[in-house]
J.: 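Next up is a structure, given as structure tokens.
Throughout, a chain's letter reflects where its sequence line sits, starting with A, and its residues are numbered from 1.
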Amino acid sequence: MNWLSLNVLVFSPLIMTLILLTPMFSGHHILIRRISKGFASLHFVYTLLFLVFFNNDLTLNYETSLKLFDFDWLNSLGITLSMGLDGISLLFVILSSFIILIATIASKGIIKSKQSLYYALIFIVETAILGVFCAQDMFEFFMFWELELIPMYFLIGLWGEESTAKKSAMKFLLYTFFGSLFMLCGFLMLYNFNFISTNELTANMNLIGFNYDNVPFYLQVFASILMLIGFAVKMPIIPLHTWLPDAHTDAPAPVSIILAGLLLKMGAYGIIRFNIQILPDAFLMMVPYLVVFAFINIVFASIVAYYQTDVKKIIAYSSISVMGIILLGLCSLNFVGISGAIFLMIAHAVISAGLFFIVGIIYRRTGTREILQLGGLAKVMPRLAGFTLVFIAASIGIPGLIVFVGEFLVFFGAFISTIWNTYLIQIISLLSITVLIFSACYALKLLHGVFYGNLLERWKKVNDILNHELVVLLTLSVVAVLFGIMPMTILNMIKLNVQNILMAFGG
Amino acid sequence: MNWLSDISSTMLTELFITLTVLILAVFSMFYNVKYNKVSKWIALCGIGVSLFALKYLQLEPIYYAFNDAILSDTFTVFIKGLILISSFLIVLLSKRNAKQRYHKTFQFYAILLTGVLASLFIVSANDFLTLTVALELLSFATYFLIAYKKGYLSKEASFKYLVTNAFSTAVYLMGVSYLYGITGSFNFSSINNYFLQHSPTLLYAISTIFITLGLFFKLALLPFANWILDVYEGCATSIIVFIATIPKIAMIAVLARLLAFSLSYSFELSLVILILSVLTAIWANILAIKQKNILRLLACSSSANAAYMVFTLTLVSVYNLSTVLFYLITYIFMNIGVFAAIIVLENSNYSSKLHEFKGFAYSNPLFTLAFSVCIFGLAGFPITAGFISKLYLFSAIVRSGAIFIPFLLILMLTIVVSCYYYTNVVKLMFEKNETNYNEIIHHNAYSPIVILYTCAFITIIIGICPATLIEICKYIAYNL
Amino acid sequence: MSFFAENLYTIILIPFWVSLLFAIGKLFGLIKSKKIVGILTLLSTFYALVFSVGTFVLTIIEKNYILEQTVPFLQLNRFIFDIGIYIDGLSAWMILLVSIVSLLVQIYSYFYMYSDNSFIRFFIFMNLFNASMFGLILSPNMFQIYVFWELVGLCSYLLIGFWYQKNEVSVAAKRAFIINRVGDFSLLSGIILSAYVILTNLNNTLNVSIPFSNISTISAQIYGCTSDGIFILICLLILLGAMAKSAQLPLHTWLIDAMQGPTPVSALIHSATMVAAGVYLIIRLYPLFSLNPIVLQIISVVGITTALVCSYSALTQVDMKKILAYSTNAQLGLMFLAVGACSTTIAMFHLTAHAIIKAMLFLVVGVVAVSLNHNQDIRNAGGLRKQLPICAITFLIGILSLSGILFAGFSSKELIFGDLIDGKHYIYLSLFLIVSFMTAYYLFRMYFYIFEGKNKFDFEIKEPHFVLNLSVSVFALIVILLWFVLPKSNNVLFAMISHLIAAFAVFTAYLTYSQKKLLKKIPILYDLSINAMYFDGVYHFITKSYKRFSKFLYIIDKYIFDGIVYFCTLNTKMISWFLSKIQTGSVQAYLAYSIFILMMSFGGIMLVYSLIMYFSEVQ
């Protein structure tokens with residue numbers, strides 16, 4: 001099937017960028033928006049075609065995964081531009097395309113200036129993210145990983161809050177750049193020690209994962225830690241998280257959607273691909289420490305979220321907390337835990353996209369995100385309040401909605417994890433369940449602060465959601481409910497891959 | 001006719017450059033405003049012919065000429081080609097600077113080409129005497145070039161350069177004399193042979209350190225780095241391009257040769273260079289944060305980049321050399337691109353103060369794009385050549401041994417700092433400038449803008465398809 | 001008959017679809033008519049009633065009828081989490097109870113809420129609640145219990161916060177949800193812990209969701225392969241979940257807050273159905289709890305303490321709904337006591353009796369409050385017996401029953417009494433009698449205040465809609481009928497003591513009512529009662545501490561985690577400033593730096609050399 005090419009999938013947004021940057025569109029704001037939306041939807045449909053024609057049997061093991069594009073990029077260095085899909089990647093590819101589509105629709109009305117540049121940057125980010133999820137080569141992965149930094153910097157800095165966005169964007173840029181350089185160092189170590197031990201110059205993830213045993217163990221651990229720092233910044237893991245609340249707060253709503261929905265997932269995806277899949281032994285050694293970090297992430301962030309009065313900051317801290325749960329799931333290193341973590345990533349992407357979009361709607365109408373200045377909006381915005389309720393309920397893990405399955409599986413998986421003989425992970429996972437209480441605290445604070453109570457005089461004229469907003473919210477809610485009721489559709493997709501990953505841990 | 005074959009196989013380019021210098025000098029005596037334009041064409045022709053002449057130099061086997069004082073091999077020819085291409089671009093860029101003093105255009109190009117000539121000699125030197133003479137020639141050309149601009153600052157900069165250079169040359173010469181005292185020879189090859197038979201002593205270590213640190217002056221590495229900010233601020237922009245590229249290429253080439261052969265027996269030297277280059281990287285990058293002038297900023301950046309290259313060069317291996325060469329080439333192109341952009345701005349009567357960049361993104365989108373590509377290339381973001389070159393350079397450092405990874409991490413931290421100030425430049429161009437909205441840039445001179453776009457294009461192209469260039473660099477490095 | 005049982009799962013789905021239909025209709029503004037909403041809701045609940053009656057009859061006809069239908073919800077390797085339905089006598093009985101109460105309350109609320117602007121929203125939540133409650137009752141395993149446990153909690157929260165514009169409603173809803181959430185957390189931990197125990201010790205068990213169909217075997221297995229400590233921990237975690245839902249001490253305050261919701265909601269959710277879920281869960285898991293006597297003791301102690309504390313708190317309250325809420329708490333405590341000290345059947349009887357009675361009492365109070373322009377203070381009512389005769393009669397039937405004098409309440413309390421005597425739990429028995437006394441006291445006090453004496457208001461009382469009266473009367477009828485249905489223990493002693501105590505209580509209540517100041521003379525006891533033992537203060541303190549703690553963590557976040565980052569950047573900037581200061585521009589300085597660095601390098605080299613020399617000599 002030639003027309004089903006990862007090449008097209010990954011690079012077509014980049015071509016779209018070039019088209020948008022040509023001067024022929026200057027001034028045609030509506031046209032630009034429509035073209036971008038149209039392209040994003042086409043791209044989404046294209047990713048769905050991959051789903052339709054994706055043969056799960058091909059992913060029996062990682063080496064024979066669907067390899068649709070393979071190009072010797074730097075032959076002399078053993079670096080190739082090879083891309084491939086397995087169940088997990090495909091899931092994230094579809095998610096990326098979906099979230100980007102949502103973000104482009106959500107941009108209407110929020111992005112008012114420099115539209116062609118804006119959409120061009122969005123599509124660069126899309127290429128970068130898709131590239132990260134499809135990459136089969138470490139340096140290719142790293143290139144796409146870095147590619148997203150600069151467009152993201154401008155998306156936050158140029159369309160964000162006037163006063164503080166530039167600073168937050170710079171913080172984001174430097175922080176993530178800092179992390180990714182450590183990651184690069186880890187990659188380089190793997191690359192070179194693989195070369196030294198096997199005398200084969202390659203950066204292919206599969207081959208390196210195949211030969212990881214040849215690298216001395218202390219170097220494995222060292223490389224694993226270095227890579228983990230990079231992923232931890234992106235994910236983020238406390239204490240490397242401080243870029244996130246600032247970046248989220250100052251970014252415009254669609255960019256926050258991309259940030260929370262996709263960028264954070266890249267970190268967790270990296271941990272799965274590199275720390276778990278390539279260096280399983282080192283990861284196994286790090287698990288007890290990581291579990292503690294995950295616990296701090298879960299509880300600390302959810303308690304801090306309660307103190308915030310800025311709606312976006314609440315959601316930002318809640319994202320940190322959820323990423324902690326994901327980390328806990330990954331640390332469980334069993335089938336249930338890892339499946340749950342991956343499921344939770346999808347779930348969190350959908351939910352946080354919805355929540356950030358809602359904040360964007362409120363901010364657009366009232367000009368504020370402070371809980372203390374809002375209140376009682378349910379009276380004038382009943383439909384929005386209803387949708388908010390769905391997303392809030394989902395985000396605190398109400399069953400029947402998408403997050404519940406992920407959280408339940410992670411907690412269960414972490415608890416039954418037998419990779420460590422100590423009770424540490426069990427005690428921590430039991431304690432982590434307290435997040436149910438803490439998350440209810442901050443989520444209800446958000447909901448009540450914005451929608452409950454007396455309606456202030458100045459918000460009496462605020463109008464309810466418009467059609468395009470309705471479409472976005474309805475789509476996200478349907479996704480949230482649908483996969484909350486039928487989680488097996490997603491879990492079956494990644495089943496074989498997760499089993500493969502766990503092969504290194506003896507089942 | 002031994003000397004004739006020597007010249008024809010090793011010094012053909014130098015010969016043509018010398019001829020050009022002479023022609024320019026002769027023309028300068030018959031001063032006429034009408035001929036000003038001719039001066040540029042003469043210089044360009046001279047460089048073009050020399051480039052063409054490179055084809056006739058001997059590559060294989062290595063040709064040692066003039067009692068081993070000068071040699072010619074693939075490496076030298078390649079470096080010479082690089083020097084000539086950059087000098088070609090510099091001549092194109094320096095039209096306006098040359099015209100600043102109307103009656104001295106010919107002299108300007110003559111001095112410039114003298115500097116180029118000296119660099120070519122440095123590259124092909126196989127003898128400390130030749131090297132010293134060439135270095136001095138280069139230094140003298142540079143004094144005059146720095147002082148060429150009108151005003152007090154350029155004279156001051158020139159003086160600083162002179163004094164610091166004198167000191168560094170003294171250090172260098174001291175090292176050379178020690179080495180002569182030990183080995184009884186100035187020749188690189190015979191020094192190398194001496195130490196193949198004798199074990200190195202403490203005096204050898206000291207002398208190598210003296211020599212290397214003396215050579216660090218032109219690269220602006222730490223013992224002799226402070227001059228670079230003042231000089232960059234003081235002299236004409238096209239001269240900065242000269243200082244930033246041609247001596248740098250030459251020094252990297254000669255250091256590669258020295259560190260690979262005659263100075264390679266002293267681990268103390270490696271230690272000192274490693275520490276000093278890391279210190280330089282830290283110093284330059286941190287200092288750059290506070291700079292308000294893009295020229296001073298680029299001075300720091302140039303120092304830092306030299307530090308990365310020298311760091312890698314110290315861990316001698318063929319692979320490392322190839323990465324350094326690749327880094328050098330990409331760096332030269334991105335740097336020339338950035339300076340071309342600054343020259344474009346100067347031609348439109350902007351100064352090099354950073355805050356004047358505000359709002360360019362909205363009045364000159366294409367210019368901003370090209371400029372940003374070059375700047376991000378320097379910062380090392382992907383799909384530019386800078387990304388690949390940094391990746392390649394770091395892979396060389398890691399390959400040299402796990403013990404260098406802590407050093408690498410420090411270097412990476414400095415790169416994070418550098419990311420801050422590079423991005424800041426681009427950010428400023430995207431900032432709203434309400435008070436005086438930027439005029440569209442006048443393209444009264446086409447060559448800088450064309451060079452800017454070309455460099456940006458090359459940066460992207462190398463970033464996307466670096467394979468060929470890496471192959472070339474590997475081949476060259478293998479042939480040193 | 002088995003048709004009803006086999007298709008019983010539809011009663012979970014139909015209210016859910018109805019709710020979804022209303023939600024979509026409201027979202028797009030398609031549903032305008034309130035009648036359609038009412039009819040659809042009633043139809044769906046009536047459908048549930050028919051099916052549950054059918055099922056109940058089936059379980060009566062066939063002794064030990066059990067039906068389990070499951071489909072896997074999550075299936076991961078060897079872990080399967082099923083959802084489905086499980087019918088036995090208990091769930092059939094419970095579902096019948098819920099559907100009867102639900103139907104009547106919905107009829108009532110159709111008229112009660114008719115004039116409210118958010119009529120449709122109310123019925124969206126109501127139907128969702130019905131679906132969740134049926135799902136909870138019909139759960140075949142612990143996993144599904146947990147799923148619906150959270151969902152009923154959500155519905156309860158939504159209905160408490162129904163009138164969201166009021167600030168106090170908002171706060172109450174939030175508190176109710178968060179306290180329920182504590183229980184959810186605990187229940188989930190308990191489920192996971194027990195699943196883990198099953199998993200690690202019994203390799204053949206694939207279904208880790210703890211099915212009820214063989215709960216006794218599983219319980220025995222869990223008991224067999226854990227230490228006592230772990231077993232009690234599992235039981236306590238699950239128990240805490242039940243306690244939160246059934247509003248037992250110390251998690252009972254949410255039920256009082258819940259009275260901020262509309263009255264039909266209080267009748268349906270916060271007295272009859274959802275709060276009984278905790279008791280239901282304990283009854284379901286009785287095979288597990290009964291394995292360790294300490295657990296049963298804990299259940300009894302929790303129950304009786306709650307009953308005492310809440311009855312005591314009810315003595316002096318003046319808000320009608322609050323009195324009933326405390327009463328609900330107390331009766332739920334008695335149910336816990338019944339489970340712990342007597343038997344599950346007795347607890348179930350008391351649950352049934354209480355559900356019907358309390359639903360009725362709430363509905364009456366709703367009518368009364370509406371008549372008084374939504375004034376719920378009993379001191380403002382008075383003499384309503386003449387204006388609202390049906391209400392007065394039904395209310396009297398209700399309180400007579402609940403005080404254990406006549407009707408259904410008499411039978412169930414009698415059973416508890418008899419069993420406590422049989423089991424020789426004399427301490428519980430005496431406390432039980434004290435609770436009975438207080439129950440009768442505060443109920444009759446309330447009755448006297450509302451229905452006797454003279455009117456204390458000066459407006460016309462509107463005749464309530466006859467359907468409201470009708471639904472209340474039907475409840476009263478059921479209360480009387482239940483008297484005949486429930487088994488009797490023929491315990492004369494109880495009848496005597498009960499009537500004696502009740503008479504004394506009624507007398508005291510009458511005295512208090514007519515003299516006004518009987519209890520105020522005992523200041524500390526009065527303060528304790530009116531402030532409900534200061535539990536609110538404790539919760540307030542916890543909330544405040546949590547806020548402070550969160551502020552503290554935020555400060556750590558800002559000044560330590562972010563502070564380090566900030567410090568690094570600041571430091572870099574400082575160094576940069578310093579470097580640019582020493583970059584003086586004077587060439588002497590530059591030369592000095594050069595010389596300094598040169599000397600440092602040579603010094604370093606010398607040092608390295610001498611160290612090498614030294615060590616080589618040492619060796």
J.: Taking the side chain as every heavy atom from C-beta outward, state whether Phe167(B) and Ile595(C) have any atom pair closer than 4.5 Å.
T.: yes

J.: Under 4.5 Å heavy-atom distance to chain B, tell me which part of Met606(C) shows up: side chain, backbone, both or neither.
T.: side chain

J.: Counting only heavy atoms not in Tyr609(C), do more than 12 sit closer than 6.0 Å to its OH atom?
T.: yes

J.: Looking only at heavy atoms, which two atoms of Ser576(C) and Leu287(B) are closest? And how far apart?
T.: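 Heavy atoms of Ser576(C) and Leu287(B) come nearest at OG-O, 3.7 Å.
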
J.: Crowded around Phe407(B) CZ? As in, over 12 foreign heavy atoms under 6.0 Å?
T.: yes

J.: CD1/Ile597(C) to CD1/Ile275(B) distance, rounded to the nearest 0.5 angstrom?
T.: 12.0 Å

J.: Take a 6.0 Å sphere around CD1 of Ile403(B) and say whether it holds more than 12 heavy atoms from other residues, nucleotides or ligands.
T.: no

J.: Count the heavy atoms of every other residue, nucleotide or ligand shown that sit under 6.0 Å from OH of Tyr539(C), and state whether that count exceeds 12.
T.: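 Yes, enclosed.
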
J.: Specify which of Leu202(B), Val163(B), Val272(B) makes the most heavy-atom pairs with chain C at under 4.5 Å.
T.: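 The residue among Leu202(B), Val163(B), Val272(B) with the greatest pair count is Leu202(B).
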
J.: Between Leu276(B) and chain C, with a heavy-atom cut-off of 4.5 Å, which part of the residue counts as in contact: side chain, backbone, both or neither?
T.: side chain

J.: Rounded at 0.5 Å granularity, tell me how far OG in Ser601(C) sits from CG in Leu271(B).
T.: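 Here the interatomic distance stands at 10.5 Å.
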
J.: Side chain, backbone, both or neither: which part of Phe267(B) has a non-hydrogen atom closer than 4.5 Å to chain C?
T.: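 Looking at Phe267(B), just its side chain touches chain C.
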
J.: Looking only at heavy atoms, what is the nearest atom pair of Ile605(C) and Ile209(B), with distance?
T.: CG1-CD1, 3.7 Å

J.: Return the minimal non-hydrogen interatomic distance between Gln583(C) and Trp283(B), and the atom names on each side.
T.: OE1-CZ2, 3.6 Å

J.: Counting only non-hydrogen atoms closer than 4.5 Å, does Leu279(B) touch chain C with its backbone (N, CA, C, O), its side chain (CB onward), both, or neither?
T.: neither

J.: Going from CG on Leu591(C) to NZ on Lys160(B), what distance comes out if it is rounded to the nearest 0.5 angstrom?
T.: 11.0 Å

J.: Is Ile289(B) in contact with chain C via its backbone, its side chain, both, or neither, using a 4.5 Å heavy-atom distance?
T.: both

J.: Is there a side-chain contact (heavy atoms from CB on, under 4.5 Å) between Ile286(B) and Trp577(C)? Walk through the geometry before answering.
T.: CA-CA 9 Å; Ile286(B) 291 184; Trp577(C) 176 82; over 6 Å; no

J.: Please report the C-alpha distance between Tyr590(C) and Asp230(B) in whole Å, then the side-chain angles of each, then the deciding distance to 0.1 Å, and finally whether the side-chain contact (heavy atoms from CB on, under 4.5 Å) criterion is met.
T.: CA-CA 11 Å; Tyr590(C) 296 170; Asp230(B) 298 329; 2.3 Å; yes

J.: Could you check, using the six-membered ring where one of them is a Trp, whether Phe210(B) and Phe602(C) have ring centers closer than 6.0 angstrom?
T.: yes

J.: Show the nearest heavy-atom pair for residues Glu156(B) and Gly585(C), with the distance to one decimal.
T.: OE2-O, 3.9 Å

J.: May I ask you to check whether over 12 heavy atoms, not counting those of Tyr180(B), lie within 6.0 Å of atom OH?
T.: no

J.: Would you give the length of the straight line joining atom CD of Gln291(B) to atom CG of Leu579(C), rounded to the nearest 0.5 angstrom?
T.: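 The CG atom of Leu579(C) is 9.5 Å from CD of Gln291(B), to the nearest 0.5 Å.
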
J.: Kindly compute the distance separating CG (Asn226(B)) from OG (Ser594(C)), expressed to the nearest 0.5 Å.
T.: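 Spacing of CG (Asn226(B)) from OG (Ser594(C)) equals 6.0 Å.
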
